[in-house]
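I have placed the structure first, in the form of structure tokens, so that the comments after it can refer back to it.
For the numbers below, each heavy atom of this structure counts, side chains included, while hydrogens, waters and symmetry mates do not.
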Amino acid sequence: MRGRKIAAWFFLWACLWVLLVPAGRIYAGGEERDPEETDAVKVAGDEVETAGAAGKKEGPGELYAMSAVLLDGDSGRVLYEKNGYEVRPMASTTKIMTCILALENLDEETVVTASSKAASQPKVHLGMREGEQYVLKDLLYSLMLESHNDSAVSVAEAVSGSVDNFSTLMNQKARELGCTDTCFLTPNGLDAKKEENGVTLSHSTTAADLARIMRYCTMESPKKERFREITGTASYQFQAGGRNFSCNNHNAFLHMMEGAFSGKTGFTGEAGYCYVGALERDGKTLIVALLGCGWPNNKTYKWSDTRKLMEYGLSNYEYRDIYQKPELSDLPVEDGIPENREANGSAFVPLVEVKGEGSRWQLLMREGEQVDIKTELETSLTAPVAKDRAVGKIVYSLDGETVAFCEIRTGAAVEKLDFEWCLSKVLEMFLDMDG
């Protein structure tokens with residue numbers, strides 16, 4: 001009995017020592033550290049090979065285009081690029097941005113009055129006359145099927161009041177989409193330059209940015225279905241100002257490959273032949289963007305390059321699951337009340353993973369590509385610990401780009417070991433002895 005009382009008093013003394021000298025503080029001339037601060041350690045990631053042995057990424061072969069990109073429409077990942085981040089003029093592929101902004105900002109039944117600026121645009125044009133009135137819906141077909149430059153200016157003025165204001169809107173949308181190498185100066189894509197703050201700006205983009213804009217138009221915009229309908233229409237007729245107009249789609253690729261559903265051609269002297277198009281087949285959505293794909297008389301180069309890139313994507317890329325369930329061990333909790341509520345126990349907290357919003361767990365991948373998985377996790381915690389507290393993350397990356405992540409959180413709460421709890425344990429021991 002005497003031995004048990006001595007043990008109880010020793011336990012009380014030990015508890016007081018723990019409470020008065022919290023773990024992690026050094027008082028004998030050392031540096032004092034905040035007890036709430038914890039050290040995080042980056043655990044070397046498990047490199048998970050999801051598609052065979054790592055190897056060199058082979059491409060689709062020789063292309064005519066000076067710049068080219070093949071984009072996964074689902075994830076937005078660049079699957080292949082040739083000078084894909086090189087800034088170049090993009091001609092009438094510009095009009096995909098003009099069209100989507102008009103759809104998002106105006107009712108299609110809006111009546112548009114042709115200005116002198118619109119009526120003076122060079123060919124290819126609808127042949128507007130100043131003061132004539134048109135319905136916006138008709139102008140959008142004129143814009144996307146026949147690539148009429150006067151229709152583009154009228155649409156821009158209807159949306160923003162002027163071409164300059166509309167160009168600002170175009171650039172704002174481009175930045176929202178992450179297109180940092182794009183500069184819009186016109187709504188129709190005619191070659192243009194502008195001096196601003198001592199810097200010469202050119203109407204230009206990159207193949208990567210152009211593909212991203214096309215992805216937005218066809219996959220993400222609230223008006224994506226209408227954009228697809230307009231750009232996939234073979235022909236369209238309308239009346240305005242007592243005249244009849246007929247528009248025929250010049251995107252010949254719509255009939256070249258099964259699954260092609262949208263696209264826009266372009267040409268200027270500086271830009272050369274340009275094209276951006278989209279295809280859906282076998283559960284995949286592929287987008288191709290080409291800049292500088294030949295000059296007269298090489299008008300068909302863009303079609304052969306597009307086919308080559310699309311076939312490459314269809315043949316070499318398949319969806320693969322990249323998720324791997326992690327093995328998570330309970331984390332020790334300093335100064336915490338043990339789960340078993342025993343005086344001689346140690347405190348631990350269970351961990352759970354929460355899949356990150358926006359993560360993609362299936363990706364188009366080719367043979368030889370690998371997903372790298374890295375885990376960052378705190379090594380210990382200090383009580384009190386709340387349930388659902390973030391203590392780490394698991395990051396999935398492909399080609400250096402994060403494609404998915406999980407948060408690691410605490411699965412329970414752990415209370416702090418305090419004097420009241422210690423005293424209660426001592427009393428329990430005395431009562432047990434008395435009993």
**OP:** Inspect the surroundings of CD in E195 and state if more than 12 heavy atoms from other residues, nucleotides or ligands are less than 6.0 Å away.
**Re:** yes
Original post:
Side-chain contact, heavy-atom cut-off 4.5 Å: E311 with P60?
Top reply: no
Original post:
Can a salt bridge be assigned to the pair K117 and E130 using a cut-off of 4.0 Å between side-chain N and carboxylate O?
Top reply: no
Original post:
Is there a donor-acceptor contact under 3.5 Å from the side chain of S120 to the main chain of S116?
Top reply: yes
Original post:
Within a radius of less than 6.0 Å around NZ of K223, do more than 12 heavy atoms belonging to other residues, nucleotides or ligands occur?
Top reply: no
Original post:
So, does E146 use its side chain to make a donor-acceptor pair with the main chain of N248 at under 3.5 Å?
Top reply: yes
Subject >> Carboxylate-amine/guanidinium contact R307 D305, below 4.0 Å >> reply: no
Original post:
Which word best sums up how the rings of Y236 and Y141 line up, parallel for under 30°, tilted for 30 to 60°, or perpendicular for over 60°?
Top reply: parallel
Original post:
Do I322 and M365 have side-chain heavy atoms sitting under 4.5 Å apart?
Top reply: yes
**OP:** Verify the distance criterion only: is there a donor paired with an acceptor across the side chains of Y216 and K173 at less than 3.5 Å?
**Re:** yes
**OP:** Quick one: closest heavy-atom pair of N105 and L101, and the distance?
**Re:** ND2-O, 2.7 Å
**OP:** Specify the closest pair of heavy atoms between R88 and A271, including all atoms of both residues, with the distance to one decimal.
**Re:** NH2-O, 4.5 Å
Original post:
Do the ring planes of Y396 and Y323 sit parallel (below 30°), tilted (30 to 60°) or perpendicular (above 60°)?
Top reply: parallel
Subject >> Step-by-step side chain to side chain donor-acceptor pair (under 3.5 Å) determination, E132 to T113 >> reply: CA-CA 6 Å; E132 284 184 330; T113 302; over 6 Å; no
**OP:** For S167 and N165, indicate whether the former's side chain and the latter's backbone hold a donor-acceptor pair under 3.5 Å.
**Re:** no
Original post:
Would you find a donor on one side and an acceptor on the other, under 3.5 Å apart, between the side chain of T410 and the backbone of R389?
Top reply: yes
Original post:
Are the charged groups of E353 and R409 less than 4.0 angstrom apart, N to O?
Top reply: no
Original post:
Can you tell me how far NZ of K302 sits from CG of L63, rounded to the nearest 0.5 angstrom?
Top reply: 15.0 Å
**OP:** May I ask you to check whether over 12 heavy atoms, not counting those of K137, lie within 6.0 Å of atom NZ?
**Re:** no
Original post:
Can you tell me if T206 uses its side chain to pair, donor with acceptor, with the backbone of Y85 under 3.5 Å?
Top reply: no
Original post:
Could you state the interatomic distance from NZ (K264) to CG (L210), rounded to the nearest 0.5 Å?
Top reply: 11.0 Å
**OP:** For F267 and A91, work out which heavy atoms get closest and say how close.
**Re:** N-CB, 3.3 Å
Original post:
Taking everything shown except K355 itself, do over 12 heavy atoms lie less than 6.0 Å from its NZ?
Top reply: yes
Original post:
When you check the side-chain N and O atoms of S92 and K95, is any donor under 3.5 Å from an acceptor?
Top reply: yes
Subject >> Validation row: L279, M257 side chains within 4.5 angstrom (heavy atoms) >> reply: yes
Original post:
So, do T268 and M90 sit near enough that their side-chain heavy atoms are less than 4.5 Å apart?
Top reply: no
**OP:** Report the distance from atom SG of C217 to atom CD1 of I230, rounding to the nearest 0.5 Å.
**Re:** 11.0 Å
**OP:** In plain terms, say whether R215 and E220 are close enough for a salt bridge, that is, a side-chain N and a carboxylate O under 4.0 Å apart.
**Re:** yes
**OP:** Run the salt-bridge test on E318 and R366 with the 4.0 Å N-O cut-off and return the result as yes or no.
**Re:** no
Original post:
Got more than 12 heavy atoms from elsewhere within 6.0 Å of CZ, F261?
Top reply: yes
Original post:
Strictly by modelled atom types, are S147 and H250 linked by a side-chain donor-acceptor pair under 3.5 Å?
Top reply: no
**OP:** Show your working on side chain to side chain contact (heavy atoms under 4.5 Å, CB included) between L79 and R77 and close with a plain yes or no.
**Re:** CA-CA 6 Å; L79 304 180; R77 189 168 72 95; 3.6 Å; yes
Original post:
Can you tell me if W361 uses its side chain to pair, donor with acceptor, with the backbone of D321 under 3.5 Å?
Top reply: no
Subject >> Between CG on residue L290 and OH on residue Y273, distance to nearest 0.5 Å >> reply: 14.0 Å
**OP:** Mind telling me whether F253 and W303 have parallel, tilted or perpendicular rings, with 30° and 60° as the class edges?
**Re:** parallel
Original post:
Below 4.0 angstrom, N of the basic side chain to O of the carboxylate: do R228 and E280 qualify?
Top reply: yes
Subject >> Shortest non-hydrogen separation from L291 to A207 and the atoms involved >> reply: CD1-N, 3.5 Å
**OP:** Kindly assign one of parallel, tilted or perpendicular to the pair Y312 and Y317, based on the angle between their ring planes and the thresholds 30° and 60°.
**Re:** perpendicular
Original post:
Any ion pair linking E104 and R226 (charged N to carboxylate O, less than 4.0 Å)?
Top reply: no
**OP:** Let me see the working for M66 and C293 under side chain to side chain contact (heavy atoms under 4.5 Å, CB included), right down to the final yes or no.
**Re:** CA-CA 6 Å; M66 300 183 73; C293 194; over 6 Å; no
Subject >> Reference residue K416; test side chain to side chain contact (heavy atoms under 4.5 Å, CB included); the match among I337, D335, V333, V385 >> reply: D335
**OP:** Run through T93, T306, N251, T265 and flag the one making a side chain to side chain donor-acceptor pair (under 3.5 Å) with Y275.
**Re:** N251
**OP:** Return yes if a side-chain donor-acceptor contact under 3.5 Å exists between K193 and T200, otherwise no.
**Re:** no
**OP:** Taking all heavy atoms of A211 and all of V69, pick out the closest pair and write down the distance.
**Re:** CB-CG1, 3.9 Å
Subject >> Pair Q121-N188, side chain to side chain donor-acceptor pair (under 3.5 Å): steps then yes or no >> reply: CA-CA 10 Å; Q121 293 300 301; N188 49 29; 3.2 Å; yes
Original post:
Can you check whether W295's main-chain N or O pairs, donor with acceptor, with N298's side chain at less than 3.5 Å?
Top reply: yes
Original post:
Any Lys/Arg nitrogen of R360 or D74 sitting under 4.0 Å from an Asp/Glu carboxylate oxygen of the other?
Top reply: yes
Original post:
Quick check: does any side chain N or O of T231 sit under 3.5 Å from a backbone N or O of G263, one acting as donor and the other as acceptor?
Top reply: no
Subject >> V87 backbone acceptor or donor facing D181 side chain under 3.5 Å >> reply: no
**OP:** Without swapping roles, check the side chain of D372 against the backbone of S397 for a donor-acceptor pair under 3.5 Å.
**Re:** no
Original post:
Which heavy-atom pair separates S154 from M128 by the least distance, and what is that distance?
Top reply: OG-SD, 3.2 Å
**OP:** State the CG-NE2 distance between L139 and H148, to the nearest 0.5 angstrom.
**Re:** 10.5 Å
Subject >> Pair N171, T168: side-chain N/O donor-acceptor within cut-off below 3.5 Å >> reply: no
Subject >> Euclidean distance, S151 OG relative to L143 CG, rounded to 0.5 Å >> reply: 6.5 Å
